There are 2 protein chains.
Amino acid sequence: MSTSKTEYILENDVEVNSRESVVDIKKNKQKKGILYDIYFNDKNTIAELSQSLNSSIPSITALVDELVEEKWISETGFAISRQGRRPAIYGVNPNKNYVLVLDINTHDTRIAVLNLKNEIVFSQVSDLQLKNNPSFLETLFQLVDNIVEQKVSKGKDVIALGVSIPGLVNKKTGINYTYKSLNSQDVSLGKLIENYYNLPTFVINDSKATAFGEYHFGLAKGKSHVLSVNVDWGIGLGIVINGEIFDGASGFAGELGHIQVNPDGVLCNCGKVGCLDTITSASSLLKNIKDGLRNGHVSKLDEYKDSLENINLEIVIDAAQKGDGFAIDIIHNIGLELGKGLSIAVHLFNPQIIIIDGVLSKAQKLIVNPIEHAINKYCLTDFKEDLSIEISQLSEDAKIFGVHAYVVEALLKTA
Amino acid sequence: MSTSKTEYILENDVEVNSRESVVDIKKNKQKKGILYDIYFNDKNTIAELSQSLNSSIPSITALVDELVEEKWISETGFAISRQGRRPAIYGVNPNKNYVLVLDINTHDTRIAVLNLKNEIVFSQVSDLQLKNNPSFLETLFQLVDNIVEQKVSKGKDVIALGVSIPGLVNKKTGINYTYKSLNSQDVSLGKLIENYYNLPTFVINDSKATAFGEYHFGLAKGKSHVLSVNVDWGIGLGIVINGEIFDGASGFAGELGHIQVNPDGVLCNCGKVGCLDTITSASSLLKNIKDGLRNGHVSKLDEYKDSLENINLEIVIDAAQKGDGFAIDIIHNIGLELGKGLSIAVHLFNPQIIIIDGVLSKAQKLIVNPIEHAINKYCLTDFKEDLSIEISQLSEDAKIFGVHAYVVEALLKTA
DNA sequence: TAAAGTAAATAATATTTTTTAATAAAAACT
DNA sequence: AGTTTTTATTAAAAAATATTATTTACTTTA
């Protein structure tokens, strides 16, 4: 019997014989299905579960009882009904198991603990940076150890870890290219963490995590074809199709940042010329601002003229929102270029919704409007009929929730 | 009980009570699963089916017996075994049911009859053209009626129709934009055919059908992430992900032909400027050839200098394959541009294989090489590691097989 | 060519699951 | 307060399914 990652959870709780019988397989599957339905699909009464899982009410009752016995779920109340007895509602037990989420960035690292009710029990941002830090992993382990020690009653209830990280994550080897470039080792970050904590660990690209969060808990909830654009220090595209993260053959899908948009453009750090990243990312925005100021552009931001290194994105967005024409123009242009790039993704994926995430999403309408304008200009009309473009409401939490949902799904998913 | 299209087949053969019991639902599902596995997955022994469907051998045996009884399948022989009794092999019954496939083009219409063993029983190409023909549908019905009359023993065994058509096909409304533009009616071509023949009818975009054919029966067989480029009078992209056609929210996904590649380009018939279609399609190839000859380019094709209207694609490709430098150059350039466009699709979909279909695929290496070159130039290296680019071996049959598989899948798919 | 070994098919038995039914409990309506 | 509606619980009969044992069919080996 192969012990795949998705088998972790229930194996310890359900009697598993040396050779699993068909009955046990089915039973396990159904129990996972119940948990999955309760967690993701808001099916929380016996009747709903019975319908959704094509099983009789007595059977589901028995399985639900087992899950209650095993502390996975518990009766949380009663549903409202127009008449008749109110059905009992079952919910995931929030206090039995926790998932630890690590949001690793180039500029900081966030560590969060979530319960299975999708509540952030604890969250801490550390200034631990991924770049140029050879002892990154040791420091990370120390930080996590401390938190687990203090916040999760000696860690005996953490059942899995989820890691969000920028850059390509190879689905087959688990190798992350950001971490790899850091210490030039062909090792899987996930495996390293998994070995250290002896817990199932799932690594996911940051933009994919964000998209998944938007799908499960944000404005994209329930939409079948979702794009989330992570406008950050690079451009990341997360794609969720029919509730599943779209990975591509190796896990690299959605690499919008390195399509060529300007053959005569500047050299990108990927080695190619004129990538979208070189034009529309937050870094290129700051560069444009600084260049403009140096060239004597009139702007509120003039006050930074002699200390350009102090300008950051918040300052620029703030100036734009207060009406500074120069800042508005720069953001507008970036939006137009990004929208042009996105219109290709629209033609290829035909999405229902595009959600703007990442630092630049703070610019709200100032960034959405030009994006929308460009999409109107470059997309065939049929593609726009069912398409909406929205600013994220979850903001940076989208990523955390997304990683968490990814972990829970990986643990519960019926093969 | 809703009667969805996918329920058509087995409903008539399995006793269906007014309210379907859980057992019946499961039984029906399993019987569909068996047919599906036999048709698509080459699972054809009791043991294999038992494993694949998580059901005991006696249960599967009983269901298989029922399906044999109902003439869906039959014992076709015995498998080889290294030792012990040889298991019986079951195969789809080729002579019970037929699917009628209509491949509608702008230049001709092909009508094919296939049995459930995926064999083309009959095929006929008519010069019926979709464009500018108000009585298109009546003529089509007449053609089909004749064929059914003569070839399929009074049509009593045709169980479904599949239609391949160029242009966008709206998944929700069933409206095809090519047929719509023809007679400016907001009607679903599929519904019209379905009503006329009173048979389930499935309409699918031609490039999607081709991709599906390549996935099930061509070089892309078994690959999880497949792109098929239909280089025809326009550029069509068919996408198959994990064995399913990727449709997008409205069915429009894969519209590669109308991404802008040249802001200063010519007007496209879609109304936008500089679309990939205007540069890389077969029509633009012919235009380039003719322009070149008019401008006095030296070439074997000179002989057509005074009768340019007689030049067609076959002639050009033939000249190129015989070494004509001018024809080779033109094809090469188109390949480069197409490859550049495709590299965007590679970044977004991260496919394992790209198959070149359509009329231009006849140019073999002359078109593949520049495509490959461009992808090497514009794609990040990680994307190329598991990627292969191939010329279709199925040629025009890919589309027919693809439509057929699409119909069978739609009929059999377990909800 | 016969015996031994292996695997599939079948039959018999055991188990699980569903169905049915009857009763209890909870809520809303009259 | 009583009736109606809906859900929950339990039990028992019926049906479906899995497991085990046996028989059959075939291959290999001696």
Side-chain angles (χ1 to χ4, degrees), chain A residues 1 14-34 37-38 42-69 73-91, chain B residues 14-34 37-38 43-69 73-91:
Chain A
M1 193 192 61
V14 174
E15 53 279 50
V16 174
N17 312 28
S18 55
R19 49 162 178 59
E20 217 175 6
S21 69
V22 173
V23 177
D24 286 339
I25 294 174
K26 281 186 184 167
K27 189 175 175 182
N28 234 308
K29 231 180 186 171
Q30 277 197 308
K31 281 168 84 172
K32 281 184 191 171
I34 290 173
D37 263 3
I38 290 176
D42 300 317
K43 311 265 183 207
N44 39 28
T45 68
I46 298 278
E48 282 173 327
L49 290 166
S50 164
Q51 255 208 323
S52 151
L53 295 166
N54 276 321
S55 216
S56 70
I57 284 174
S59 301
I60 295 294
T61 305
L63 294 174
V64 165
D65 286 348
E66 277 188 40
L67 286 168
V68 170
E69 191 78 22
I73 57 177
S74 54
E75 224 185 276
T76 56
F78 297 92
I80 45 155
S81 69
R82 31 183 71 258
Q83 234 176 347
R85 181 169 173 174
R86 286 158 62 185
I89 289 180
Y90 294 88
Chain B
V14 175
E15 54 278 48
V16 174
N17 311 26
S18 55
R19 51 162 176 60
E20 219 176 6
S21 69
V22 172
V23 177
D24 286 338
I25 293 174
K26 281 186 186 169
K27 189 176 174 182
N28 234 308
K29 232 181 188 172
Q30 278 198 306
K31 281 169 82 171
K32 282 185 193 171
I34 291 172
D37 263 3
I38 290 177
K43 311 263 185 211
N44 40 27
T45 68
I46 299 277
E48 281 174 328
L49 290 166
S50 164
Q51 255 209 321
S52 150
L53 296 165
N54 274 322
S55 216
S56 70
I57 285 173
S59 303
I60 295 293
T61 306
L63 294 173
V64 165
D65 286 348
E66 278 187 40
L67 286 168
V68 170
E69 190 79 22
I73 56 177
S74 53
E75 224 186 276
T76 56
F78 296 92
I80 45 155
S81 71
R82 32 186 69 257
Q83 244 174 345
R85 185 169 171 173
R86 288 157 62 185
I89 289 180
Y90 294 89

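All of these numbers come straight from a predicted model, not from anything done at the bench. Residue numbers start from 1 in every chain, and the chains themselves are labelled A, B, ... in the order their sequence lines are given, proteins ahead of strands.
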Take the protein atom [atom1] of [X] and the nucleotide atom [atom2] of [N], then report the distance between them rounded to whole Å.
| X | N | atom1 | atom2 | result |
| --- | --- | --- | --- | --- |
| I57(A) | dA11(D) | CD1 | C1' | 16 Å |
| I60(B) | dA8(C) | CD1 | P | 15 Å |
| I46(B) | dA18(D) | CD1 | C1' | 15 Å |
| Q51(A) | dT7(D) | CD | C1' | 14 Å |
| N54(A) | dA16(D) | CG | P | 16 Å |

Nearest-nucleotide pick for P58(A), side chain only, options being dT19(C), dT17(D), dA8(C):
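Nucleotide nearest to P58(A)'s side chain: dT19(C).
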Any idea which of dT10(C), dA8(C), dA8(D) is nearest the T61(B) side chain?
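It is dT10(C).
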For a quick check of understanding: with a heavy-atom distance under 4.0 Å over all strands, which category does A62(B) fall into, base, sugar-phosphate or nothing?
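No contact.
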Is A88(B) touching bases, backbone alone, or none of the nucleic acid, heavy atoms closer than 4.0 Å?
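Touches sugar-phosphate only.
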Would you check if the side chain of T61(B) reaches a backbone N or O of I57(B) as a donor-acceptor pair within less than 3.5 Å?
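Pair found, side chain donor or acceptor close to backbone of I57(B).
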For dT7(D) and R86(A) - does any side-chain N or O of the residue sit under 4.0 Å from the phosphate oxygens OP1/OP2?
no
Got a list of protein N/O to nucleotides 2-6 of chain C N/O distances below 3.5 Å?
from: dT6(C); atom 1: O2; to: G84(B); atom 2: N; distance (Å): 3.4

